[in-house]
Amino acid sequence: MKREQVTAVAVAMVKEAGLINLSRKELCERAGIPDGSFPHVMECNFSEFVEELRGMDIVAAIIPVSKSRVPAAMRKEHILGVAVDLAKQQSYNKITRDGVAEKAGVSMGLVTKYFGTMNQLKNDVVRYAIKNEVVEIVAQCVANQHPKAKKLSPELKTKAIEFLAA
């Protein structure tokens, strides 16, 4: 794929979600080029390319960016929700700070700010799953003999075992 084609894909992505949401990884996926080859295809690094896009007329008029901040509690809840979704898909033991941050659209530092270590985030995922009876994750806790699995109600433990048996 040539530079012009990748630029066209980037412009389409900016029109969809705004420049602030443009990521090199997703651009490379959509453009069909390996992520590591971006500098070779584009003859510049991603930051320089974003500055080029800023200079184009397309960026300013596309999506107005809200200047208001998202309350911390909402942001933390959003990150936890993303972590729960990832844990349901791939196991709470396999979630990563990078994966959660990418899916949540935040920096890894923000994940660390709200949850500290990955163990703390995983424990929060388990607590949430137990409180809200997210059987997919509770079943993982039972299967992995997570300490919190010992304290499950008999009903929830039965649901988890049935889920594992299915």
Side-chain angles (χ1 to χ4, degrees), residues 6 9-38 46-47 50 53 62-166:
V6 175
V9 171
V11 168
M13 290 174 68
V14 169
K15 287 181 179 178
E16 287 173 17
L19 184 61
I20 195 165
N21 294 315
L22 183 68
S23 74
R24 186 188 74 212
K25 183 177 179 179
E26 188 177 353
L27 174 58
C28 289
E29 280 177 19
R30 287 215 196 159
I33 61 172
D35 189 22
S37 68
F38 184 88
F46 187 71
S47 297
V50 169
L53 290 174
I62 296 175
I63 296 177
V65 176
S66 170
K67 299 293 182 187
S68 63
R69 290 186 162 234
V70 175
M74 283 179 65
R75 185 161 297 194
K76 184 175 181 179
E77 185 179 315
H78 170 68
I79 294 168
L80 180 60
V82 167
V84 167
D85 287 343
L86 286 172
K88 285 179 3 185
Q89 295 168 9
Q90 59 186 241
S91 167
Y92 72 90
N93 280 325
K94 293 183 180 177
I95 60 174
T96 64
R97 185 180 333 276
D98 184 41
V100 171
E102 184 177 326
K103 281 278 192 191
V106 299
S107 69
M108 288 190 295
L110 205 54
V111 174
T112 301
K113 175 182 176 181
Y114 289 121
F115 295 97
T117 66
M118 281 305 297
N119 282 338
Q120 289 170 314
L121 175 57
K122 290 174 184 179
N123 283 329
D124 283 351
V125 167
V126 170
R127 263 189 239 106
Y128 178 92
I130 292 170
K131 179 180 176 186
N132 295 286
E133 296 190 8
V134 181
V135 181
E136 298 95 321
I137 299 172
V138 175
Q140 294 171 35
C141 294
V142 170
N144 293 321
Q145 299 178 344
H146 190 281
K148 293 202 182 297
K150 295 175 186 171
K151 300 175 185 176
L152 294 175
S153 69
E155 298 84 18
L156 187 53
K157 193 169 194 170
T158 301
K159 285 182 187 177
I161 292 169
E162 288 172 355
F163 180 84
L164 288 171

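What you see is a predicted model, and the numbers here were worked out from it, not measured in a lab.
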Checklist line | Atom of C141, atom of A149 and distance for their closest heavy-atom approach | finding: O-CB, 3.7 Å
Notebook entry, point to check: For K159 and E133, which heavy atoms make the closest approach, and how far apart are they?
Noted result: NZ-OE1, 2.9 Å
Margin query: How about CZ on F46, more than 12 heavy atoms from neighbouring residues, nucleotides or ligands closer than 6.0 Å, or not?
Written below: yes
Next item on the list: Using a cut-off of 6.0 Å, state whether more than 12 heavy atoms not belonging to E77 lie near its atom CD.
Entry: no
Next item on the list: Have a look at L121 and tell me which of F115, Y92, Y114 forms a side-chain contact (heavy atoms from CB on, under 4.5 Å) with it.
Entry: F115
Notebook entry, point to check: Taking atom NZ of K157 as the centre, does the number of heavy atoms from other residues, nucleotides or ligands within less than 6.0 Å exceed 12?
Noted result: no
Checklist line | Beyond-backbone contact of N123 with H146, side-chain heavy atoms, under 4.5 angstrom | finding: yes
Check: Taking all non-hydrogen atoms of both residues, which atom of M118 and which atom of I95 are closest, and how far apart?
Finding: CE-O, 3.5 Å
Item checked: Shortest non-hydrogen contact between V138 and A129, atoms and distance -> CG2-O, 3.6 Å
Item checked: For V9 against L27, the heavy-atom pair lying closest together -> CG1-CD1, 3.7 Å
Check: Between L86, L110, V125, which is the residue that forms a side-chain contact (heavy atoms from CB on, under 4.5 Å) with V100?
Finding: L86
Margin query: Strictly distance-based, threshold 3.5 Å: is any side-chain N or O of H78 a donor or acceptor partner for the main-chain N or O of A104?
Written below: yes
Note to self: I'd like to know if the side chain of E26 reaches the main chain of M13, judged simply by a donor and an acceptor atom lying under 3.5 Å from each other, with no hydrogens or angles considered.
What the structure shows: no
Notebook entry, point to check: For the side chain of E102 and the backbone of G99, is there at least one donor-acceptor N/O pair under 3.5 Å apart?
Noted result: no
Check: Considering all heavy atoms of both residues, which atom of A160 and which atom of V142 are nearest to each other, and what is their separation?
Finding: CB-CG2, 3.9 Å
